[in-house]
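Okay, structure first, notes after.
What you see is a predicted model; the values in this text were computed from it and never measured.
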Amino acid sequence: MTAFVSTRIRRGALTALCTAAVLGLSACGTTGQNSAENSTAAGSAPGGKGSAKPVPYADLSGPAIAEKAGKATRAASSVTVNADTRDADGHTVFEMAISRTGDCAGTLSLNDQGKATISKVGAALYLKYDEAFLRAQGEEDADSTKEQIDAVVAMLADRWIKTDPKDPDAEDFTSFCDLDELLGDLSDDTVARKGKIGEVNGQQAIALTEADGKDTYTLHVATEGEPYLLKLTGTGDEPFTMTFKDFGKPVPAKVPADKDIVDLDD
């Protein structure tokens, strides 16, 4: 039954979401470039009576800031990632709290049709789908009949399924629990430019932008405290937004009660 759902996800917007995240952050890795434009684009924040506040990252280039953000974000003990993306296959939204040890908890929605809930604790992955999610995925499968879909809904809707995270049918869900996979490869060269200082969820951040053809990627990096990546956006045919928050906070991953788990091996 797990394959019934995850096969549809592999073909659709979930794969596009991961690809978009990787491409966006790959465009913001490290390089030796340190142009005058990169070093000064952020400008000075006005202070009182003619004084000027220190300019965040004034001595760093855009690529150097991106490198610091990648290292700091990867090193966080935990983080909550919110993502929203659109592509030719539709609309994908997820929120996932992820720990550095691999535990995670959150939800996933495809094309605004229902919700899947994920909880990974240690070596066990627990999945729960609501009725709307199961029906939407089943109806997209040409080989599924109404009777089969009804049977799946009756058995699984709003009940937990325990599975091995290494199972091929569960790998797409497990990828949401891997911060390194979501962040992608940060080692590629970049010509990211420093932009304006603004705010993301109440935190001051500097924007870094880079164009790739008709697509534009923008990172927002915290200017106070740890240089965490706070937001990543991409434009073009497959626009996406990812935000990062709750660094270091406990991840609410839990093992469901036995009475709420469906054993598909019986």
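Formation of a donor-acceptor pair under 3.5 Å by the Thr92 side chain with backbone atoms of Thr85 is not found in this model. In this structure a side-chain-to-backbone donor-acceptor pair under 3.5 Å is present from Ser119 to Lys254. Distance alone, capped at 3.5 Å, places no donor-acceptor pair between the Thr163 side chain and the Leu125 backbone. The backbone N or O of Lys249 sits nowhere less than 3.5 Å from a side-chain atom of Asp246 that would complete a donor-acceptor pair. The backbone N or O of Gly102 lies less than 3.5 Å from a partner atom in the side chain of Lys120, making a donor-acceptor pair. In this structure a side-chain-to-backbone donor-acceptor pair under 3.5 Å is present from Asp103 to Gly122.
In this structure, the separation between CD1 on Ile161 and OH on Tyr126 is 12.5 Å, given to the nearest 0.5 Å. The CD atom of Gln137 lies 9.0 Å from the OH atom of Tyr129; values are rounded to the nearest 0.5 Å. Between the CZ atom in Arg86 and the OG1 atom in Thr241 there is a gap of 10.5 Å [rounded to 0.5 Å]. Here CD1 of Ile197 is found 11.0 Å from NE2 of His220. Values are rounded to the nearest 0.5 Å.
Screening residues 121-132 for salt bridge (charged side-chain N to carboxylate O under 4.0 Å, His left out), with sequence neighbours left out, gives Glu131-Arg135.
Using a 4.0 Å cut-off between charged nitrogen and carboxylate oxygen, Lys162 and Asp260 do not count as a salt-bridge pair. Taking 4.0 Å as the cut-off between side-chain N and carboxylate O, Lys115 and Glu95 do not count as a salt-bridged pair.
With contacts defined as side-chain heavy-atom distances shorter than 4.5 Å, the pair Met242/Leu229 does not qualify. Counting only heavy atoms from C-beta outward, the side chains of Lys146 and Asp150 approach each other to under 4.5 Å. Counting heavy atoms from C-beta outward, Phe176 and Ile98 have side chains that stay 4.5 Å or more apart. The shortest distance between side-chain heavy atoms of Pro227 and Ile65 does not fall below 4.5 Å. Considering only heavy atoms from C-beta on, Asp84 comes within 4.5 Å of His91 through its side chain.
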Side chain to side chain contact (heavy atoms under 4.5 Å, CB included) assessment of Asn111 paired with Glu140: CA-CA 12 Å; Asn111 296 319; Glu140 290 185 18; 3.9 Å; yes

Thr73 vs Phe247, side chain to side chain contact (heavy atoms under 4.5 Å, CB included): CA-CA, chis, key distance, verdict: CA-CA 8 Å; Thr73 304; Phe247 292 91; 4.2 Å; yes

One pair to check against side chain to side chain contact (heavy atoms under 4.5 Å, CB included): Tyr217 and Phe240. What are the steps and the verdict? CA-CA 9 Å; Tyr217 301 108; Phe240 67 90; 3.9 Å; yes

Could you walk me through whether Arg74 and Arg100 pass side chain to side chain contact (heavy atoms under 4.5 Å, CB included), step by step? CA-CA 8 Å; Arg74 288 182 187 279; Arg100 173 51 55 189; 4.0 Å; yes

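Considering all non-hydrogen atoms of both residues, Ser109 and Gly114 come closest at OG-O, 3.1 Å. Taking both residues in full, the closest heavy atoms of Ala192 and Pro63 are given as O-CD, 3.5 Å, listed atom of the first, atom of the second, then distance. A pairwise comparison of heavy atoms in Glu226 and Ala72 identifies OE1-CB, 4.2 Å as the closest pair. In terms of heavy atoms, Phe133 sits closest to Leu108 at CE1-O, 4.2 Å. Listed here is the closest heavy atom pair of Pro165 and Ala123: CD-O, 3.1 Å. Considering every non-hydrogen atom in both Ser78 and Val251, the closest pair reads CB-CG2, 3.9 Å.
Between Val221 and the options Val200, Leu230, Ile206, a side chain to side chain contact (heavy atoms under 4.5 Å, CB included) holds for only Ile206. Among the candidates Val262, Ile261, Leu127, the single residue satisfying the side chain to side chain contact (heavy atoms under 4.5 Å, CB included) test with Trp160 is Ile261.
In this structure, Val79 is not a member of the same hydrophobic cluster as Val121, with clusters built from ILVMFWY side-chain heavy atoms closer than 4.5 Å.
Aromatic ring centres of Tyr228 and Phe244: separated by at least 6.0 Å.
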